[in-house]
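Because the structure is a prediction, the values reported are computed rather than measured. Computed from heavy atoms alone, side chains included, the values below leave out hydrogens, waters and symmetry copies. First the proteins, then the strands, lettered A, B, ... as listed; each starts at 1.
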There are 2 protein chains.
Amino acid sequence: MIQYILLGFLNYQPMTGYDLKRALDHSTGHFWHAYHSQIYTTLRQMEKDGLVTSQFVMGEGQPDRRTYTITEQGREMLSVWLSRPLTEAVSVKEELLVRLFFSGQRSNESILAELTVQREIHQQKLAEYRKMQQEMEEQAKCLPLPSLQRDSVFWMATLKMGMRYEQAYLDWLSETIQTVQSL
Amino acid sequence: MIQYILLGFLNYQPMTGYDLKRALDHSTGHFWHAYHSQIYTTLRQMEKDGLVTSQFVMGEGQPDRRTYTITEQGREMLSVWLSRPLTEAVSVKEELLVRLFFSGQRSNESILAELTVQREIHQQKLAEYRKMQQEMEEQAKCLPLPSLQRDSVFWMATLKMGMRYEQAYLDWLSETIQTVQSL
DNA sequence: CAGTCCATGTAAGTAGTTACATGATTGC
DNA sequence: GCAATCATGTAACTACTTACATGGACTG
C-alpha cells in the first residue's frame, strides 16, 4: 500500500523521502501512516523496480537530499491500481474494542478511566480535522489549476470521513461511558 | 495483539485452535481478524512461553483435536494487559480513503462505481451487525451466570461501535456519491 | 548550549498474509 | 461425486515497527 501512496504523491511532483514523510503526516496520516524507515527503504526498492528515479544533490551548507521522480512505469502502475476498484470489505483493527470486549473482569473505574482518556484523544482529533478543513477551504478558493480543484474535492472527502469517524467514535464513547456508569 | 485475544477467549474455557478461529470470526471479527495460520503458530509460541498448556486428543472417527488451556501465568498476563489503559491514538488504515485521495485523475464513473459497491458492502455489514445484536439480546435474557451478563454488556458495546462505524461510513458514502455526481 | 528541524539511512525484530499440504465426515 | 465442515499444521513472504546511527543549521 505504501508504494501506491508514494507514487500518488510523486505523481504531482518530484519529492524527497523527507518531503514524502511530511506529506503523509499532514494529509493521508489519518487513514494511512508510515515511519520514515519504511518510506526510505520502499523508495529504494521502487527505484530498483523502475517505478521512480532518484537524483542525489549534495547540499552546501544544507543537508544532502535525494529527490525521487516518478517514471512512466510508475505512473502506469498507479493508474492500473486506481482503475481496479476495491470490491471487498477491508478489515478493521481496533485495539480499544478488543480491550473492551474482554473487560468483564475489570473494575468500572478502570474502564471509565480508559474511555474518558479516549474521548479526549478523539475530541482533539476532531478539532484537528476541523482546523484542517478550514485551512483547506481557504486554500481551495485560490487554487491556480482546475485540475487541483478537482483533486481538492477528494482530499476534502477523505477529511470528511475522518470527521464522521471521530464523531461516531465520540458519540459511542459517551454512550458507553453512560452505560458503564449505570452498571 | 492476537495473543491477548486468544488469552481472552481461553480465559472463559479451554478451546482448540479451530474453536478460537470460529470465536474470532463470529465475535471480534469486525474489529480484529486473524488467519488460522497465525492462530496455530501463536498458540504454539504461547505454549513455549508458558501462557497456555495443550492436550492432544486423537479422535476416533472424528479429527484429532489439540485443546489449549490458559495457565495462571497466562491469566496474569491478560490481567496486566487489561489494567494498563490505552492512552495513545491508534492508527487507522483505510484503503478506500487512500484510493479516493489520489483519484483526481480517475473518471467520475470509475469512482462512482467503486463507491456504490462499497455502499452495498457496508449496508450488508450493518445488516449483519443488527442481526447479531438481536440474537445477542435474546441470549442475554436467559444467561445463567451474572458474570456473563456483565460480559455481555461489553460485547454489546463493541457491536454498537461496529454499527455506528458502518452507519457513519454509509452516510459518508452517500454524501460523497452525491458530491461526485454533481462534479 | 540544549532542543528542534532538516535529512538520510540500516538492522533487527514482530506481525500478518498467502500458499502449500493433508485427510476424514456429512449432506446434497 | 462434489462441496462444505471439521481439524491441524508448515513455509515463504510481505509489511510494519522499533531501535540504532549520524550530522549540520537554526533558535531561544
Side-chain angles (χ1 to χ4, degrees), chain A residues 1-7 14-26 28-29 31-49 51-52 54-68 77 81 86 88-95 98, chain B residues 1-7 14-26 28-29 31-49 51-52 54-68 77 81 86 88-95 98:
Chain A
M1 183 60 46
I2 197 67
Q3 266 195 76
Y4 296 113
I5 297 176
L6 299 176
L7 285 175
M15 293 168 98
T16 67
Y18 192 85
D19 294 337
L20 285 161
K21 169 65 175 151
R22 262 191 321 184
L24 250 116
D25 288 347
H26 296 140
T28 63
F31 49 87
W32 208 286
H33 114 285
Y35 292 99
H36 78 269
S37 55
Q38 196 188 5
I39 292 171
Y40 285 115
T41 49
T42 304
L43 284 168
R44 280 296 170 100
Q45 190 54 50
M46 287 164 75
E47 191 174 14
K48 274 188 199 161
D49 297 342
L51 304 170
V52 297
S54 81
Q55 295 81 41
F56 190 73
V57 178
M58 293 231 261
E60 286 118 38
Q62 284 86 13
D64 305 342
R65 295 163 61 87
R66 184 180 296 277
T67 304
Y68 287 90
M77 189 168 151
W81 178 68
L86 196 70
E88 275 171 58
V90 283
S91 66
V92 172
K93 306 220 154 177
E94 280 279 2
E95 189 172 345
V98 175
Chain B
M1 182 60 47
I2 197 65
Q3 264 195 79
Y4 296 113
I5 297 176
L6 299 176
L7 286 175
M15 293 167 100
T16 67
Y18 192 84
D19 295 336
L20 285 161
K21 168 65 174 152
R22 265 192 318 186
L24 249 115
D25 289 347
H26 296 140
T28 63
F31 50 87
W32 207 286
H33 115 283
Y35 292 97
H36 78 268
S37 55
Q38 195 187 5
I39 292 171
Y40 286 114
T41 50
T42 304
L43 284 169
R44 279 295 169 97
Q45 188 54 51
M46 287 164 75
E47 191 175 15
K48 274 189 198 157
D49 297 343
L51 304 171
V52 296
S54 80
Q55 295 82 42
F56 189 73
V57 178
M58 293 232 260
E60 287 117 38
Q62 283 86 13
D64 305 342
R65 295 164 59 86
R66 184 180 295 278
T67 303
Y68 287 91
M77 189 168 150
W81 177 68
L86 195 70
E88 273 169 59
V90 282
S91 65
V92 173
K93 307 220 153 178
E94 280 280 3
E95 190 174 343
V98 174

Out of dC6(D), dT17(D), dG9(C), which has the shortest distance to the side chain of Tyr40(A)? dG9(C)

Between C1' of dG9(C) and CD of Gln45(A), the distance in whole Å: 15 Å

Closest non-hydrogen contact found for Gly17(A) with Tyr40(A) is CA-CE2, 3.8 Å

Expressed as a whole number of angstroms, how long is the span from Met1(A):CE to dG16(C):P? 17 Å

To the side chain of Ser37(A), which of dA7(D), dA11(C), dT17(C) is closest? dA11(C)

Tell me whether the side-chain N or O atoms of Thr41(B) pair up with the base of dT10(D) as donor and acceptor below 3.5 Å, since no angle test is needed here. no

Within the pair Arg44(B) and dT8(D), is there a side-chain N or O less than 4.0 Å away from OP1 or OP2? no

Counting side-chain heavy atoms from C-beta on, which of dG16(C), dC6(C), dA7(D) comes nearest to Arg65(B)? dA7(D)

Looking at Arg22(A), does any N or O in its side chain come under 4.0 Å of the phosphate oxygens OP1/OP2 on dC6(C)? yes

Side chain of Tyr18(A) (C-beta onward), nearest among dT8(D), dT8(C), dC16(D): dT8(C)

Under the side-chain contact (heavy atoms from CB on, under 4.5 Å) criterion, do Gln3(B) and Gln45(B) qualify, and how do the steps go? CA-CA 9 Å; Gln3(B) 264 195 79; Gln45(B) 188 54 51; over 6 Å; no

Starting at CG of Asp64(A) and ending at P of dG24(D), how long is that distance when rounded to a whole Å? 11 Å

Starting at atom CG of Asp25(B), determine the distance to atom P of dT5(D), rounded to an integer number of angstrom. 12 Å

His36(A) has an atom NE2; how far is it from atom P of dT17(D), in whole Å? 13 Å

Whole-Å distance between dC16(D) P and Ile2(A) CD1? 7 Å

Quick test of your reading of the model: are Arg22(A) and Asp19(A) salt-bridged, counting only N-O distances below 4.0 Å? yes

Take the protein atom CD1 of Ile39(B) and the nucleotide atom C1' of dT17(C), then report the distance between them rounded to whole Å. 13 Å

Assuming nearest nucleotide by heavy-atom distance, tell me which of Asp19(B) and Ser91(B) is located more 5' along DNA chain D. Asp19(B)

Would you say Ser54(B) and Glu47(B) are linked by a side-chain donor-acceptor pair, where the criterion is simply a distance under 3.5 Å? yes

Between His33(B) and Tyr35(B), is the ring-ring contact (aromatic ring centres under 6.0 Å, His included) condition met? List the steps. CA-CA 7 Å; His33(B) 115 283; Tyr35(B) 292 97; 4.9 Å; yes

I want to verify a distance call: between dT8(C), dA15(D), dT8(D), whose nearest atom is closest to the Gln38(A) side chain? dA15(D)

Base, sugar-phosphate, or nothing for Thr16(A), non-hydrogen atoms under 4.0 angstrom? sugar-phosphate

Between atom OH in Tyr35(A) and atom C1' in dT8(C), what is the gap in whole Å? 18 Å

